[in-house]
Amino acid sequence: ASPTVYVAAHYKWVLDRLFLTHNHSHVILLEDDMLVSPDVFSYFEQTAALLDADPTVWCVSTWNDNGHAHLDLPSKTLFRNSYFPGLGWMLKQSLWRELSPKFPADH
């Protein structure tokens, strides 16, 4: 099996445990080598309302490929896109309940 099969199985196992077994409303996933700002959890707490209010928003991410100091992006602006950001993200239980039964065994 390819290494990505194990990654997919691990994600499904973790998300099933956190959402279906432990009944968490939202889950935050952070890559183990990601450096985060001191306000990262405040950011997630504040943006959880976006997930709850709009079913077309599948996740909230802390990652921005264009988030470099020299680009001088507005610090109070959120960007919506159709690209899955990975790295540091949050999703809610209702979406996982929809996705879990059809979660792919590999990408």
Side-chain angles (χ1 to χ4, degrees):
S2 74
T4 55
V5 168
Y6 300 112
V7 172
H10 182 70
Y11 269 103
K12 182 168 182 357
W13 183 85
V14 166
L15 291 169
D16 279 347
R17 295 290 103 28
L18 293 171
F19 282 129
L20 307 179
T21 303
H22 297 289
N23 202 34
H24 290 287
S25 63
H26 298 78
V27 169
I28 297 168
L29 294 117
L30 297 172
E31 294 284 326
D32 63 348
D33 60 348
M34 190 171 175
L35 300 175
V36 298
S37 67
D39 64 347
V40 68
F41 294 112
S42 174
Y43 169 84
F44 279 127
E45 183 178 26
Q46 293 174 53
T47 56
L50 297 172
L51 292 175
D52 296 336
D54 186 346
T56 67
V57 176
W58 277 30
C59 70
V60 172
S61 173
T62 58
W63 183 254
N64 179 356
D65 288 324
N66 300 309
H68 302 284
H70 73 277
L71 295 176
D72 196 28
L73 296 170
S75 63
K76 299 194 184 300
T77 302
L78 296 175
F79 297 96
R80 183 178 183 145
N81 63 44
S82 59
Y83 173 77
F84 179 72
L87 302 178
W89 51 286
M90 172 178 62
L91 74 157
K92 67 179 187 170
Q93 185 187 107
S94 61
L95 178 62
W96 183 249
R97 286 188 177 278
E98 176 185 337
L99 296 177
S100 179
K102 48 191 167 192
F103 195 74
D106 198 357
H107 73 81

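Given the structure is predicted, the values throughout are model-derived calculations rather than measurements. We're numbering straight along the sequence, starting at 1.
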Evaluation steps, side chain to side chain donor-acceptor pair (under 3.5 Å), between Ser94 and Glu98 = CA-CA 7 Å; Ser94 61; Glu98 176 185 337; over 6 Å; no
request  = Could you walk me through whether Asp54 and Arg80 pass the salt bridge (Lys or Arg N to Asp or Glu O under 4.0 Å) test, one step at a time?
outcome  = CA-CA 12 Å; Asp54 186 346; Arg80 183 178 183 145; 3.2 Å; yes
key: From Ser25 atom OG to Phe19 atom CZ, the distance as rounded to the nearest 0.5 Å   = 8.0 Å
message = Count I, L, V, M, F, W, Y as connected when their side-chain heavy atoms are under 4.5 Å apart, and connections chain through other members. Are Leu78 and Val57 then in the same cluster?
response = yes
Can I get a per-line list of side-chain donor-acceptor pairs under 3.5 Å for residues 81-91, giving both atom names and the distance, sequence neighbours left out?
{"unit_1": "Asn81", "atom_1": "OD1", "unit_2": "Tyr83", "atom_2": "N", "d": "3.0"}

ask   = Applying salt bridge (Lys or Arg N to Asp or Glu O under 4.0 Å), which residue pairs with at least one partner in residues 33-44 are found, sequence neighbours left out?
value = none
ask   = Taking only residues two or more places apart in sequence, or in another chain, which ones meet Asp52 in a side chain to side chain contact (heavy atoms under 4.5 Å, CB included)?
value = His26, Lys92
message = Distance check, rounded to the nearest 0.5 Å: Leu15 atom CG versus Leu20 atom CG?
response = 9.0 Å
query = With the 4.5 Å side-chain cut-off for hydrophobic clustering, are Val7 and Leu18 part of the same group?
reply = yes
message = Counting only heavy atoms not in Phe103 (residues, nucleotides, ligands), do more than 12 fall under 6.0 Å from its CZ?
response = yes
task = State the CG-OG distance between Leu29 and Ser61, to the nearest 0.5 angstrom.
result = 11.0 Å
request  = In sequence, state the C-alpha distance, the side-chain angles, and the governing distance for Ser2 and Asp106, and then conclude on side chain to side chain donor-acceptor pair (under 3.5 Å).
outcome  = CA-CA 8 Å; Ser2 74; Asp106 198 357; 3.1 Å; yes
message = Would you call the rings of Phe41 and Phe44 parallel, tilted or perpendicular, taking 30° and 60° as the class edges?
response = tilted
request  = Considering non-hydrogen atoms only, spot the tightest contact between Ala8 and Pro104 and give its length.
outcome  = CB-O, 3.8 Å
task = Measure from the side-chain N and O atoms of Thr47 to the backbone N and O of Tyr43, and report whether any donor-acceptor pair falls under 3.5 Å.
result = yes
query = If we only count heavy atoms from C-beta on, is the Thr21 to Asp16 side-chain gap below 4.5 Å?
reply = no
Arg17 side chain vs Trp13 backbone, donor-acceptor pair below 3.5 Å = yes
